[in-house]
Amino acid sequence: MFRSALLRSQIHRQSRNYVRATSQVAAEPYGHLPTSQSPITPKMNFINSVTPDGTQIPTYRVLDGVGELLDGAELPEIDEAFARRIYENMMQIPVIDNLLNNVQRQGKISFYMTAHGEEATVIGSAAALADNDEILGQYREMGALLWRGYGLDDVMAQCFGNAEDASTKGKQMPVHFNSKEHHFHAISSPLATQIPQAAGVGFAIKRDPARRGKNCAAVYFGEGAASEGDFHAGMLLASTIPSPTLFIARNNGFAISTPSTEQYHGDGIAARGPGYGMDTLRVDGNDVLAVLSGVREARRRCVEQGRGVLVEAMTYRYVPQLPQLPNIHPPSISTFSLLTPTSTSSVGHHSTSDDSFAYRPRQEVEDRKRIDNPIARFRKFLEARKWWDDKEEDELKDRLKGEVMRAFKRHETMQRHEVREMFEGVYRGEEPWNIREQREELKALLQKYGKDWEPWRSELKKHKGEGKELMQ
Amino acid sequence: MFAPSSLARLSRRSVATFKAKLQSARRWESTAGTEAPPAGGHSPSIATSSFLRQTRDNSLRTPDIRWADEDHAGPPSNALAGRETRKMNLYQAVRDAMSIALTKDDSAVVFGEDVAFGGVFRCTMGLAEEFGRERVFNTPLTEQGIAGFGIGIASMGQTAIAEIQFADYIYPAFDQLVNEAAKFNFRSGGNFDVGGLTIRCPSMSVGHGALYHSQSPEGFFMGAAGLKASLVAHFDVPPHTLTPTQIVIPRSPIQAKGLLLSAIRDPNPVIFMEPKILYRSSVEQVPIDDYEIPLGRAETLIHGSDLTVLTWGTPVYSCETAIHMLANPPETIARHVPEPFRKAKIELIDLRTILPWDVETVTESVKRTGRLVIVHEASKTGGVGSEIAAELQKRCFLKLDAPVKRVTGWDTPVGMSYEKFYIPDSVRILDAMVETLSY
Ligand SMILES: Cc1ncc(C[n+]2csc(CCOP(=O)(O)OP(=O)(O)O)c2C)c(N)n1
Ligand SMILES: [Mg+2]
């Protein structure tokens, strides 16, 4: 009771005027500096907090652990159809994750990044955006693409890098999606590079009369990536230039093995927002309704002010981050079916999850799944409203598994793009001599050895046209 | 065409040498026969490479080894009694080097992303437990920060061993490394230096790493005078498999440990790139004592007189395979390897240090062979091969029988599903050797 009242008043204050809170304490008996609003004071007063009373920045929550409305919390605008759509999209994530994570462990794809545990953060935020806001993701935001209608076929094609992969044409690692149609910019492995780019995207939106005041750029990143210089550059630019850029930090507690306690000493990512003069909100990232309403309001401010706004979503990464290259840490899975969840205690000791338990206790992961499960919380909310029941749950699970499995089967064995594609797209427009000559060089080599040199012979068969477009 | 003079030289070769070569080719073939077919076109022979030293004696006789507990003023001693070796792969050897550095140098610290739990490639496994979290620690995720932090530590005269998680992610640190570390000593009139700085990073391709887990960025640092950059390959030449009358520097891999210890103690900042596919796949008996292998010195792994192949890192093994294929081409492609070339004596050099590179060894070799093939994984344009080719053509112009040939990655990013056609695999090296020999 008391806590939530406190929370409410803090949130209220915070949303009213975040930065000035400290400077409003007193009148200005000594005036202020000529070039700023900073009041002169005879008291030496160190500060190390962005809240007036020195406490940590509060976390905005709507649903409690059993899916009931927190005392004093306001339900965001949501109807049954929208709520079910959110839920179904959240449910889809672990199904795809389980499959592709297992497939990755078997070495069939080279890489995968799960979003399991972060379903509320990814789907809740995607649902709060306009479908044509520009998204710049880090790599765990596939859910936002699916929310916008990117299909399972597209997901599988990209992850297998096959001939239907229109997004990277087999050039990028799995989960490095992009889709112009869905306003989803290309994922790049180097961390944080998308953050200052998002400030530029926001700026471009503002320059475009058709989109000014209607759209924003939404950029996702982990609390680890927020340590890169690019994060600070992006925040500074979007607040100073200014540009309508919505910064969404997914604070899932870890960057690979590094806990957030070793990532920063300050009060998370949120504390940095006011430093850049930005409206900032910390939300419970496992509460999809808090994410939905928090990001909606953040987006509203961002578009209206035309300036950067920061949301820090507190969540938890369930699945150990896979070693990036399977042949370096060989997979040790054989007995589990492809749709069996990974890294739960029931799965037990396989090597990659042991990696994870080297830096966080198994119990911690289990506790988080049990007590603070974003899907379970939202399901309880839906059930309490009679918007969902066990039967529908079973049907949904079956349907999702079937769909995911079908898409996987269809794409698993599909041929890749033509070999010549590897030289395409280095440049647009006229092809420079070096690329042309090198393609000719490979062509001559394939003509000479392609049929007879074993590693190439079987490799060519994996490609559409089997290299003929080059060899003839 | 193949120069008659070379053919004459060929025939003058001692019979013994030739036999040894044949033997080694056969040994290689028979080993290859029992193994599963190579998974990729490149480096199919890491596991079976004759360059990997598998016995204690071989290991201890690695050429260029300088034992830390020996006086180097006098002639090198042959006293190997009491020295032990242990079977290690490359990441364990790297770990071993760091453990020695931490033990012997109280000022040394090891840091980087995920280093405390062992690092994503396990190179720092157990170091935090052994030496404490104050000396072996995680950093926040910022490469420019890591490099700058290391520069600060080193400028105070202490030893900083930093890990950049992947060479592909070293670019945020480029400014710190090129504008700061490389120029620190010069710009301060020698009053401030960062010789205590070593930056380690996993590099090169693994076959499915795509654009950002495959890069060989050594070329970008080659113009940064003041830096030293080395790439480690793991290998060694068992004397009996080669021309026993010459050379045959028992060299070892072991290289990783010895070169890293040199790098850590070198009075200049060093970038140390570890070919990541070799972390597990290359295994040797490694001396457990403290030793160094000098920087700036190339290593001749196979001695020959008809053509020089120069490389470093992972392609050392593809070159080894290609050289065997030249002598003994697989049936399916034998028609592309003219008979006389099969007897050609190929010299294989591992450059080991990219900057400053061992111009002497390479020049001496090319002057003898008249032919040079350079192999590296990075793109051709602006790659390290360009610099070496230019320098060699100047130094050996009148001795060259063929233009310097480069076998490299294409001038494209590394596209994931095309990697087998991107990497300079052994058939491409073979073809380049034939082309160069027949010029
Ligand atoms: C510039 C750069 N440095 C290092 C890496 C290697 N790396 C990939 S993911 C990762 C951890 C990222 O953690 P965080 O930003 O918290 O995102 P999360 O994985 O938790 O979603 C690291 C270090 C990288 N991809 N790019
Ligand atoms: Mg994280």
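Quick caveat: nothing in here was measured; it's all calculated off a predicted structure. Each chain gets a letter, A, B and so on, in the order its sequence line appears, and its residues count up from 1.
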Check: Does the side-chain contact (heavy atoms from CB on, under 4.5 Å) test come out yes or no for A:I256 and B:E113, once each step is laid out?
Finding: CA-CA 9 Å; A:I256 304 187; B:E113 293 156 17; over 6 Å; no
Margin query: Looking at A:K464, I want to see if its NZ is surrounded by more than 12 non-hydrogen atoms of other residues, nucleotides or ligands under 6.0 Å.
Written below: no
Note to self: Would you compute the distance between atom CZ of B:R133 and atom CD of A:E262 and round it to the nearest 0.5 angstrom?
What the structure shows: 4.5 Å
Notebook entry, point to check: Would you call the rings of A:Y449 and B:H336 parallel, tilted or perpendicular, where under 30° means parallel and over 60° means perpendicular?
Noted result: perpendicular
Check: Do the non-hydrogen side-chain atoms of A:W456 and B:R428 ever get within less than 4.5 Å of each other?
Finding: yes
Checklist line | Check: A:Q438 and B:D411 side chains under 4.5 Å, non-hydrogen atoms | finding: yes
Check: Checking heavy atoms, do the side chain of B:E143, its backbone, both or neither come under 4.5 Å from chain A?
Finding: both
Margin query: With a 4.5 angstrom heavy-atom cut-off, is it the side chain or the backbone of A:A192 that approaches chain B, or both, or neither?
Written below: neither
Checklist line | Result of checking A:H463, A:E418, A:E459 against B:Y418 for side-chain contact (heavy atoms from CB on, under 4.5 Å) | finding: A:H463
Check: B:V414 versus chain A, heavy atoms under 4.5 Å apart: side chain, backbone, both or neither?
Finding: backbone
Note to self: Return the CG to NZ distance between A:N434 and B:K380, rounded to the nearest 0.5 Å.
What the structure shows: 9.5 Å
Checklist line | Contacting moiety of A:L446, where chain B heavy atoms sit under 4.5 Å | finding: side chain
Next item on the list: May I ask you to test the A:K462-B:S417 pair for a side-chain heavy-atom distance under 4.5 Å?
Entry: no
Item checked: Approximate separation, where rounding is to 0.5 Å, of B:Q165 CD and A:L191 CG -> 8.5 Å
Check: Do A:M173 and B:Y212 come within less than 4.5 Å of each other through their side chains, counting heavy atoms only?
Finding: no
Notebook entry, point to check: Looking at A:G224, A:A226, A:G229, A:G161, which has the largest count of heavy-atom pairs under 4.5 Å with chain B?
Noted result: A:G224
Item checked: Rounded distance (nearest 0.5 Å) linking atom NE2 of A:H232 with atom OG1 of B:T142 -> 8.0 Å
Note to self: Between B:H208 and A:F111, is the side-chain contact (heavy atoms from CB on, under 4.5 Å) condition met? List the steps.
What the structure shows: CA-CA 9 Å; B:H208 49 258; A:F111 179 85; over 6 Å; no
Margin query: A side-chain contact here means heavy atoms from C-beta on lying under 4.5 Å apart; do A:W453 and B:D425 qualify?
Written below: yes
Check: At what distance, to the nearest 0.5 angstrom, does OH of B:Y169 lie from OG1 of A:T193?
Finding: 9.5 Å
Check: So which part of B:Y91 gets closer than 4.5 Å to some heavy atom of chain A, the side chain, the backbone, both or neither?
Finding: neither
Notebook entry, point to check: With respect to chain B, which residue among A:L460, A:L442, A:T168 yields the maximal number of heavy-atom pairs within a distance under 4.5 Å?
Noted result: A:L442
Note to self: With a 4.5 angstrom heavy-atom cut-off, is it the side chain or the backbone of A:L445 that approaches chain B, or both, or neither?
What the structure shows: side chain
Check: Passes side-chain contact (heavy atoms from CB on, under 4.5 Å), A:T258 versus B:L141? Steps please.
Finding: CA-CA 9 Å; A:T258 304; B:L141 212 168; over 6 Å; no
Margin query: Once rounded to the nearest 0.5 Å, what's the spacing between atom OG of A:S188 and atom CG of B:L211?
Written below: 8.5 Å
Notebook entry, point to check: Hey, is CZ on A:F254 packed in by over 12 heavy atoms from elsewhere, all under 6.0 Å?
Noted result: yes
Next item on the list: Could you have a look at B:D114, B:T332, B:T412 and say which one has the most heavy-atom pairs with chain A under 4.5 angstrom?
Entry: B:D114
Margin query: If we define contacts as heavy-atom pairs under 4.5 Å, which of A:K451, A:H417, A:E441 has the most with chain B?
Written below: A:E441
Margin query: Given heavy-atom pairs under 4.5 angstrom as the criterion, report whether the side chain, backbone, both or neither of A:E437 touches chain B.
Written below: neither
Item checked: Ring geometry between A:Y359 and B:F117 (parallel below 30°, tilted from 30 to 60°, perpendicular above 60°) -> perpendicular
